[in-house]
2 protein chains.
Amino acid sequence: MASATHVAKREDSLTRGERKNLTRNGLLQAALNLIGEGRSFTSLGIREIAREAGIVPNAFYRHFRNTDELGLALVEEVGITLRRLLREARQVGEEESEMVRRSVLVYQHYVKQNRLLFLFISSERAGGSRILRLAIRNEVSHFTHEMAQDFRRLGAYEGLSTSSLQMICGLVVTAMLGAAPEILDLPAEQPLLEAEMTEDFVRQLQLILLGASCWRDQPPALLTSSRKRPKQL
Amino acid sequence: MASATHVAKREDSLTRGERKNLTRNGLLQAALNLIGEGRSFTSLGIREIAREAGIVPNAFYRHFRNTDELGLALVEEVGITLRRLLREARQVGEEESEMVRRSVLVYQHYVKQNRLLFLFISSERAGGSRILRLAIRNEVSHFTHEMAQDFRRLGAYEGLSTSSLQMICGLVVTAMLGAAPEILDLPAEQPLLEAEMTEDFVRQLQLILLGASCWRDQPPALLTSSRKRPKQL
DNA sequence: ACTTTTAGTGGACAAGTGTACACAATGCAG
DNA sequence: CTGCATTGTGTACACTTGTCCACTAAAAGT
């Protein structure tokens with residue numbers, strides 16, 4: 001407020017490209033903000049986004065041809081965000097006591113911290129424009145892949161084939177993404193509900209991993225005539 | 001086409017309530033149709049729906065106060081649809097050879113048969129209006145509950161506590177609903193991709209049920225100090 | 001020092017939206 | 001048979017929307 005011309009070289013003298021990127025990010029953030037206010041991305045309009053970003057509607061076209069293209073840019077951020085999540089998750093270490101629970105806590109915290117992006121993923125993953133859907137699914141697929149690699153790196157489930165490992169990670173990711181909306185819809189400051197949800201989520205993941213530790217890749221075709229198992233499957 | 005006044009008592013002489021229900025269903029179907037054409041429910045407008053239903057925009061208000069209320073009516077249909085699904089699934093019988101695979105095939109067929117409704121569920125379950133989201137989640141929760149009861153009735157997993165059984169069914173349902181959009185997005189007539197997806201889905205469910213059959217409800221607190229398990233969890 | 005590029009502005013237009021009001025037709029209760 | 005309630009119509013109004021065009025200012029290239 002006091003000295004503006006003194007050290008203000010940060011706000012003032014920017015190369016053109018930097019400025020452009022600045023308002024571009026402004027647009028992305030504006031879209032996310034609107035999503036955070038309950039609007040669904042698919043129903044967002046150019047004018048709406050531009051208004052929220054504080055620019056005139058026409059300027060939108062200097063950055064994106066239409067809202068779908070902006071959506072794709074958001075999907076790219078989703079990719080980065082998921083990669084960071086994996087990096088954070090790796091830091092819970094491979095020491096295994098309570099590992100699942102700690103991972104779940106990290107995940108929940110991460111989802112809340114990146115609320116808007118996860119709102120975006122969750123809703124556009126199944127709804128809205130086909131292009132966005134596929135792009136997100138692609139990003140999620142990458143995420144699943146990397147998770148499987150991490151498992152390998154940790155030396156877990158070494159007996160499993162790569163395809164089985166990916167199938168398992170796919171299930172884990174499905175559970176994670178399925179839990180995201182419930183995390184985000186939690187009524188603020190309800191520690192009871194949250195703890196309950198957490199516990200349920202933890203148990204679900206434990207169940208998956210328990211199944212994984214029992215899983216055996218069928219050599220050729222073994223299940224086609226599974227003779228008399230106790231009472232399951 | 002030919003004889004109109006002869007047997008046309010079906011189209012012509014209807015009690016008022018019946019007629020009302022007819023156009024009401026017309027509105028519901030219209031919304032679903034639009035969803036089927038790629039539009040997302042949240043972005044549907046009153047005029048749009050009314051136009052598709054073949055009535056004047058204002059007549060919409062004779063049936064619903066706004067689009068959200070129509071959405072709630074759709075959620076009710078979702079409930080009925082899910083209940084029917086359970087009924088069909090029960091008919092695969094408890095004879096267990098290939099039971100999972102057959103259930104998956106039933107499910108896939110059912111999703112394709114009720115394409116529009118599942119499109120609606122999938123996208124509104126995580127996105128759009130909070131009221132709709134919660135309503136759908138409620139319906140899904142009912143579904144999970146009934147599925148758990150069915151397991152009980154079949155005498156499967158008798159060793160498990162009710163809460164564990166529900167946790168497991170929750171996971172199954174999450175996997176099912178997560179698979180729905182992928183089923184619906186399948187490029188038409190690509191038997192390779194479809195078979196691959198089916199197989200993956202089957203294995204995921206088998207993994208869950210395998211985990212379930214190994215699962216033991218922890219007596220008091222056993223996992224808090226799980227001493228030295230091989231290399232999993 | 002000049003020209004060129006380009007991010008952002010401003011105004012305009014046709015089209016679409018939600019909703020309010022007055023009205024028409026008709027099944028139904030008295 | 002008559003009057004009422006209710007389903008659906010038509011018109012109208014104030015807004016919002018996407019996009020076109022002409023324009024400014026200033027950074028970047030020469």
Side-chain angles (χ1 to χ4, degrees), chain A residues 4-5 8-31 33-35 37-73 128-129 131-132, chain B residues 4-5 8-31 33-35 37-73 128-129 131-132:
Chain A
T5 54
K9 273 189 180 175
R10 202 184 302 130
E11 284 270 327
D12 201 15
S13 74
L14 286 170
T15 170
R16 183 124 81 175
E18 288 170 329
R19 276 184 115 75
K20 175 160 183 177
N21 250 327
L22 220 79
T23 68
R24 192 188 128 108
N25 290 342
L27 285 172
L28 295 181
Q29 193 57 50
N33 287 342
L34 290 170
I35 289 178
E37 289 169 16
R39 322 227 354 82
S40 96
F41 178 81
T42 323
S43 72
L44 291 186
I46 288 180
R47 286 185 111 106
E48 206 174 356
I49 300 174
R51 193 185 314 133
E52 174 81 16
I55 63 176
V56 89
N58 255 326
F60 181 94
Y61 294 109
R62 303 289 183 189
H63 304 269
F64 307 101
R65 221 189 307 280
N66 47 45
T67 49
D68 263 21
E69 207 167 276
L70 184 147
L72 288 180
S129 113
I131 307 174
L132 272 190
Chain B
T5 53
K9 274 190 181 175
R10 203 182 302 127
E11 284 270 327
D12 201 17
S13 74
L14 287 169
T15 170
R16 183 124 81 174
E18 288 170 329
R19 275 187 117 75
K20 174 159 185 177
N21 251 326
L22 220 79
T23 69
R24 192 189 128 107
N25 290 341
L27 285 172
L28 295 181
Q29 193 57 50
N33 287 343
L34 290 170
I35 289 176
E37 289 169 16
R39 321 230 350 84
S40 96
F41 178 81
T42 324
S43 72
L44 291 186
I46 288 181
R47 286 184 113 107
E48 205 174 357
I49 299 174
R51 192 185 313 133
E52 174 82 16
I55 63 176
V56 90
N58 256 325
F60 181 95
Y61 294 109
R62 303 291 184 190
H63 303 270
F64 308 102
R65 220 188 307 281
N66 47 45
T67 50
D68 263 21
E69 207 167 276
L70 184 148
L72 287 179
S129 114
I131 308 174
L132 272 191

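To find a chain, count down the sequence lines: A is the first, B the second, and so on, and within it residues start at 1.
- Side-chain contact between Arg24(A) and Phe64(A) is present, with at least one heavy-atom pair separated by less than 4.5 Å.
- With 3.5 Å as the limit, one finds no donor-acceptor pair spanning the side chains of Glu37(A) and Asn33(A).
- With Glu18(A) as the partner, the side-chain contact (heavy atoms from CB on, under 4.5 Å) test is satisfied by one option alone out of Asn21(A), Leu14(A), Leu22(A): Leu14(A).
- For residues 59-73 of chain B, every residue pair satisfying the salt bridge (Lys or Arg N to Asp or Glu O under 4.0 Å) rule, not counting sequence neighbours, is listed here: Arg65(B)-Glu69(B).
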Task: Verdict with supporting geometry, Phe60(B) and Asn66(B), side-chain contact (heavy atoms from CB on, under 4.5 Å) - done: CA-CA 8 Å; Phe60(B) 181 95; Asn66(B) 47 45; 5.5 Å; no

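- Taking the side chain as every heavy atom from C-beta outward, Glu52(B) and Gln29(B) never approach each other to under 4.5 Å.
- One donor-acceptor pair, N or O on each side, does fall under 3.5 Å between the base of dG18(D) and the side chain of Arg47(A).
- Shown here are the salt bridge (Lys or Arg N to Asp or Glu O under 4.0 Å) partners of Glu48(A), two or more places apart in sequence or in another chain: Arg39(A).
- Atom CG of Leu22(B) and atom C1' of dT7(D) are 13 Å apart (whole Å).
- For Arg65(A) and His63(B), each mapped to the nucleotide of DNA chain D holding its nearest heavy atom, the one lying further toward the 5' end belongs to His63(B).
- Atom CD1 of Ile46(B) is separated from atom P of dT16(D) by 17 Å (rounded to the nearest Å).
- Inter-residue side-chain proximity for Ile46(A) and Tyr61(A) is flagged as met; some heavy-atom pair is nearer than 4.5 Å.
- Annotation: the span from Thr67(A) atom OG1 to Leu132(A) atom CG amounts to 8.5 Å, rounded to 0.5 Å.
- Counting to the nearest Å, the P atom of dT17(C) and the CG atom of Asn66(B) are 17 Å from each other.
- Going from atom CD of Glu48(A) over to atom C1' of dG16(C) covers 15 Å, rounded to whole Å.
- Of the side-chain N and O atoms in Thr23(B), one or more sit less than 4.0 angstrom from OP1 or OP2 of dG8(D).
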Please list, pair by pair, any protein nitrogen or oxygen found under 3.5 Å from a nitrogen or oxygen in nucleotides 26-28 of chain D.
residue	atom	partner	partner atom	Å
dA27(D)	N3	Arg16(A)	NH2	3.2
dA28(D)	OP1	Thr15(A)	OG1	2.8
dA28(D)	OP1	Arg16(A)	N	3.0

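- Leu27(A) has its CG atom 12 Å from the P atom of dA7(C), to the nearest Å.
- Contact check of residues 49-62 of chain B against DNA chain C (heavy atom, cut-off under 4.0 Å) returns Arg51(B), Asn58(B), Tyr61(B).
- Rounded to whole Å, the distance from CD on Glu18(B) to P on dT6(D) is 18 Å.
- Under the side-chain contact (heavy atoms from CB on, under 4.5 Å) criterion, Asn25(A) pairs with Leu28(A), sequence neighbours left out.
- Each end of the helix from dT3(C)-dA28(D) to dG30(C)-dC1(D) gets its own rotation axis from five pairs of C1' atoms, and the angle between them is 10° to the nearest 10 degrees.
- The shortest non-hydrogen separation linking Ala31(A) to Leu44(A) is O-CD1, 3.8 Å.
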